Each structure stands twice: as structure tokens, then as C-alpha cells.
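The basis for the numbers below is simple: all heavy atoms, side chains too, and nothing from hydrogens, waters or symmetry mates. If you're wondering where the values come from, they're calculated on a predicted model, not measured in any experiment.
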Amino acid sequence: MSRTARTLTTTALITGALMTAAVLPASAHEDHRRLRGVEIGQIQYDAPGPDRRANRSLNGEYFTVVNNGRRSVQLRDYTVSDRDGNTYTFDRLRLGSGQEVTVYTGHGRDRWLQRYQDSDYHLYDNNRGRLTLRSDQGDRIDQCRWGWEDRGHIDC
């Protein structure tokens, strides 16, 4: 093989390796999500009725996280955050296959599949917004967006 052919072959191999490395994080993220099976299920971002700071109204806002995978997942230190930086961090919670946890905006007593953010204010924009679910390592697992046309509720 000539020197020019070896140089071209080496260049092609290096370019191919770099392109593969650039593609791997996106596909690895998708595999990561499929393996875990955890995702945002739904968001009630506009509480029914007028937005008042009464606890009943605050708890009219909520989101769910569902485990559609085949194995249970420990959600400890997983986070769900919005565009404004409001973040809910799960404490110890093992979510079994097919189970769903609901996280309400207002105050309440945390139970196994019902959690409360203990906020005194409505957190979600009634016109548009986004929630992002991240793993305990900070990897983005899922994201759900809404707009005014979703009329206060979206199945993600």
C-alpha cells in the first residue's frame, strides 16, 4: 500500500471513530431511558378554578412519574425541575414496574405514592412550560413540554 493510501485510510479511520464518539452520547441516553423505563406520566399544570394560594388549589397542580420498565427503580435523588429552577428531589422511593407516583405542589403528608412539594405558591406557568426528569447522576431521563393549547393538563 502506498504512503498516500495509508494516510487516507488512517484519516478515514480516525474520522469514523470521531463521528461514532459524537453519536454515542445521544444513543446511549436513549438506551439509558429505555432500560430504566422511568418517565414523566402526566402534568396538571393549571389547577382547576382560580389560582389561589389555598392548599386545595395548590394541590390541584401535580405531575406524575411512572415506571414503564420491567424492573423496580430506586428514585432516591432523582429530580424533576421546571424552566424557572423549581426542583423536586425524591427521597427514598422504590417505584415498582407499572407503578406511578404523584407529586403535588402544595402541602400534605408524604405517603408511598403521594408526595408533596410543600410550596406556598403555584409553580407552573398556565401558558407554557417544561418539566425535566433527571437521574441521581444528573442524566436527563425524560422531558415533557406544554402550551396553552393543552388546556391545563398534558399526558406526556
Given the rule in the side-chain contact (heavy atoms from CB on, under 4.5 Å) test, do V38 and L133 qualify, once you have shown the distances and angles that lead to the verdict? CA-CA 9 Å; V38 177; L133 172 66; 3.7 Å; yes
Residue pair R115, D91: steps toward the salt bridge (charged side-chain N to carboxylate O under 4.0 Å, His left out) verdict: CA-CA 10 Å; R115 303 298 169 105; D91 57 3; 2.4 Å; yes
Check the pair V65 / F63 against side-chain contact (heavy atoms from CB on, under 4.5 Å), numbers first and verdict last. CA-CA 7 Å; V65 173; F63 64 85; 4.0 Å; yes
Please test V66 against E39 for side-chain contact (heavy atoms from CB on, under 4.5 Å), starting from the C-alpha separation and ending with a verdict. CA-CA 6 Å; V66 62; E39 57 191 19; 3.8 Å; yes
Just do the side-chain contact (heavy atoms from CB on, under 4.5 Å) check on L123 and E61 with the steps written out, would you? CA-CA 8 Å; L123 299 177; E61 276 187 355; 4.1 Å; yes
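Listed by chain and residue number, N126 satisfy the side chain to side chain donor-acceptor pair (under 3.5 Å) test with D51 (two or more places apart in sequence, or in another chain). Applying the ring pair (Phe, Tyr, Trp, His ring centres under 6.0 Å) test to Y88 and every residue at least two apart in sequence or in another chain returns F90.
Side chains of L93 and W112 form a contact here, defined as non-hydrogen atoms less than 4.5 Å apart. In this structure the side chain of Q44 reaches within 4.5 angstrom of the side chain of H153, judged on heavy atoms. Y124 has its side chain within reach of L131: a pair of non-hydrogen atoms, C-beta onward, lies under 4.5 Å apart. Side-chain contact between Y116 and D110 is present, with at least one heavy-atom pair separated by less than 4.5 Å. A 4.5 Å side-chain heavy-atom check between S57 and N59 finds every atom pair outside the cut-off. The shortest distance between side-chain heavy atoms of L95 and L113 falls below 4.5 Å. In this structure the side chain of V103 reaches within 4.5 angstrom of the side chain of Q117, judged on heavy atoms. Annotation: side chain of E100 is in contact with side chain of Q42 (closest heavy-atom distance under 4.5 Å).
Between R83 and D125 there is no salt bridge, since none of the side-chain N atoms of the basic residue sits less than 4.0 Å from a carboxylate O of the acidic one.
Contact between D120 and H107 at its shortest, heavy atoms only, is OD1-NE2, 2.7 Å. Heavy-atom minimum distance, L58 versus T105: O-CB, 3.2 Å. The nearest pair of heavy atoms linking S72 to R94 is OG-NH1, 3.3 Å. In terms of heavy-atom proximity, I40 sits nearest to C156 at O-CB, 3.3 Å.
Residues T102 and Q114 bring no donor and acceptor atom of their side chains to less than 3.5 Å of each other. A donor atom on one side chain and an acceptor atom on the other are not found under 3.5 Å apart for H122 and D46.
Under the 30°/60° scheme for interplanar angles, the aromatic rings of W146 and Y45 are found to lie parallel.
Side chain of Q137 to main chain of D139: no donor-acceptor pair is present (N/O by atom type, distance under 3.5 Å, no hydrogens or angles). No donor-acceptor pair under 3.5 Å is formed between the side chain of Q143 and the backbone N or O of R130. Formation of a donor-acceptor pair under 3.5 Å by the N67 side chain with backbone atoms of G69 is found in this model. Side-chain atoms of S81 do not come within 3.5 Å of backbone N or O of G85 as any donor-acceptor pair.
Between the CG atom of N55 and the OG atom of S119 there is a distance of 10.0 Å, given to the nearest 0.5 Å. Atoms CG and OG, on D142 and S135 in that order, are 12.5 Å from each other to the nearest 0.5 Å. Put simply, CZ on R76 and OG1 on T89 are 11.5 Å apart, with the number rounded to the nearest 0.5 Å. Note that CD1 of I141 and OG1 of T132 are 11.5 Å apart. Values are rounded to the nearest 0.5 Å.
No chain of hydrophobic side-chain contacts below 4.5 Å, direct or via other Ile, Leu, Val, Met, Phe, Trp or Tyr residues, connects I154 to Y104.
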